[in-house]
Amino acid sequence: MRVAFIQNFFEELTGPLILCELLERQGHRVKFFLPDRGWTRKLKAFSPEMVAMSVCTGEHPGMLETASWVKKFINPAPLVVMGGPHPTFFPEVIEHPCVDAICRGEGENAFPALAASINGKGPAVDIDGFWIKREGRVYKNPPADLVEDLDQIPIPSRKNLFKDYPFIQKLPFRKMITGRGCPYNCSYCYNRALKDILKGKGRYLRRRSVTHVVDEAAYLKQTFGTKFIDFNDDIFTVDPDWILEFSDQYASRIKVPFCCNVRVDRLDEQGARALARAGCRVVKFGLESGDEHFRRTVLNKSTTDDDIRRCAEILHASGIKIQTYNMLGLPGETLQQAMKTVRLNQEIKPYYAWCSLAQPYPGTAMAEQFAQAPEQVKDQVEQCPASWFDTSIAPLEDRERLINLHKFFALLVRFPKLEPLVMKLVELPENGLFRALYQAVYGLHMKAMVKASWPRVLSMYLKLRKQY
Ligand code: SF4
């Protein structure tokens, strides 16, 4: 069977890459399609029998348009299957006339089972992990069991994607994931709702073995000459013993610089030293709000200001640069409160203060605070923007000023003396110049982090500018 994976992002998405590997092992022919020039012509020529899309809430309207195009212009019309966060949290997307099946939760067990079951009548209707539509009726199966041993999941097959999109191979970093799940329940995060959906399906928090992870890093280094790795786990340091073992193996076999995410109360001196020894160049953590009370009550995040200061000190002492994650426009936040976030960042001196506009994502506890009635949830889903950087669906008192402050956030953290000027600029209407400045500062940060050349950064920017 010919299977087309369609994705919006010009980067490697681990989930579809793993599914690609599993489907190829079953003998299917798999190709990726990204929205570059002429991609619809190439998709038509491939004439897929199944089209699979990984979809986030916010990008779903565009992906549904793509599904409609696929059904209209590819003959015979392929089976259209959606997976990823949006159908997991909003399975009713299957009601769209151009969607045939949706995958809820993890796809490694479900997708190969679906593909193997397809015959002249379409797929079987009783595959765990899928809601499947046949002749107007929707068959709602439970989520598939979670994969207990993550080492059984193959290393993501990147060759297929890189063959058709060499630009992605040339990006100066590769992404890796070493585990799944998070033990916490922050109000703005998908983890709490996902735990509810997957209850009874197996252990939620899992980790690959150190050897399996280091083998993948070695493969990336040898096969693609990888010079930097971005470990994308929610909390890389969730298990201190794992980190010590990882650091030893990674330092002796790989030595490729990397960055990772931590939670400030899940990193001690020993862990930071181990990360530094392994080649960690940047650690990223969620500061989110400079108001501790806000962080605890609105965000349900128990990390204190002192935890943040202590973690920053440890990292500075270990010679690891810091990137913070921050949100502006939290429920009820004023410009003055947002400035507390700027000030805490200024105090701990991150190398880069990444900032988004808070999105109370439908399905999260934060979104529930706003939507009392079911029709409001539906509105939230439809209005949710695809980007975190332009606007927010949160009702904001200081909307325009916060949206402007977001554009100056990283600069203001780095250069506190700009505050009087920035306070004047945030009063102006939102404009493209502010957005361009924000993107330029972000580009400079990326260039320095992965030590890429200017031509490489520029070509990366031109391809990825819609994402950032
Ligand atoms: S610690 Fe991070 S990944 Fe875990 S629930 Fe909170 S925001 Fe989500």
Side-chain angles (χ1 to χ4, degrees), residues 13-15 56-58 84-86 88-89 105-106 146 150 175-199 203-208 230-240 242-243 259-268 271-272 275 282-308 310-312 314-315 322-331 333 341 344-345 350 353-369 384 388 392 394:
L13 301 180
T14 308
C56 292
T57 300
H86 186 66
T88 295
F89 295 113
E106 297 182 355
L146 298 177
L150 295 185
K175 291 196 173 186
M176 279 183 63
I177 293 190
T178 70
R180 290 186 184 176
C182 171
Y184 298 100
N185 293 305
C186 303
S187 71
Y188 53 96
C189 179
Y190 67 94
N191 267 298
R192 191 205 63 157
L194 191 58
K195 280 176 207 166
D196 285 346
I197 291 169
L198 300 177
K199 207 174 199 158
R203 208 156 46 91
Y204 185 67
L205 186 63
R206 290 149 292 156
R207 201 83 190 251
R208 294 164 62 189
D230 179 352
F231 287 104
N232 243 323
D233 302 78
D234 290 338
I235 307 178
F236 194 64
T237 52
V238 71
D239 176 352
W242 191 97
I243 285 298
C259 65
C260 62
N261 301 311
V262 308
R263 193 175 131 120
V264 290
D265 53 358
R266 301 294 288 234
L267 184 71
D268 58 13
L275 287 177
V282 177
V283 155
K284 307 183 240 180
F285 61 74
L287 185 153
E288 314 302 3
S289 166
D291 186 318
E292 188 175 305
H293 176 72
F294 225 71
R295 204 181 306 126
R296 199 172 52 249
T297 53
V298 177
L299 303 182
N300 194 32
K301 192 161 194 165
S302 57
T303 50
T304 63
D305 288 355
D306 282 343
D307 289 333
I308 291 169
R310 186 197 52 85
C311 183
I314 289 172
L315 289 167
I322 298 169
Q323 176 184 319
T324 55
Y325 291 116
N326 304 276
M327 286 189 271
L328 292 184
L330 292 163
E333 190 178 52
T341 308
L344 185 54
N345 272 279
W354 187 95
C355 184
S356 69
L357 291 162
Q359 303 297 346
Y361 266 99
T364 60
M366 191 198 276
E368 281 164 17
Q369 293 172 16
C384 192
W388 301 311
S392 167

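For the numbers below, each heavy atom of this structure counts, side chains included, while hydrogens, waters and symmetry mates do not. Each ligand, and each atom within it, is numbered from 1 in the order the structure gives. All of these numbers come straight from a predicted model, not from anything done at the bench.
Residues passing the salt bridge (charged side-chain N to carboxylate O under 4.0 Å, His left out) test with Asp230 are Lys284, sequence neighbours excluded. Legend: residues meeting salt bridge (charged side-chain N to carboxylate O under 4.0 Å, His left out) with Arg207, ordered by chain and number and at least two apart, are absent.
Of the protein's heavy atoms, none falls inside 4.0 Å of atom 2 (Fe) of ligand 1.
Within the sub-2.8 Å shell of atom 4 (Fe) of ligand 1, the protein contributes these N/O/S atoms: Cys182 SG.
Between Ala353 and Asn345, the shortest heavy-atom distance links the atoms CB-OD1, 3.7 Å. For Leu328 against Cys355, the heavy-atom pair with the smallest separation is CG-SG, 3.6 Å.
Taken from CG in Asn300 to OH in Tyr188, the straight-line distance is 9.5 Å, to the nearest 0.5 Å.
For the residue pair Thr304 and Arg310, no side-chain donor N or O sits within less than 3.5 Å of a side-chain acceptor on the partner.
Contacts of Tyr188 with ligand 1, taken as heavy-atom pairs under 4.0 Å, involve the side chain alone.
The list of salt bridge (Lys or Arg N to Asp or Glu O under 4.0 Å) pairs with a residue in residues 285-297, not counting sequence neighbours, reads Glu288-Lys301, Asp291-Lys340, Glu292-Arg296, Arg295-Asp305.
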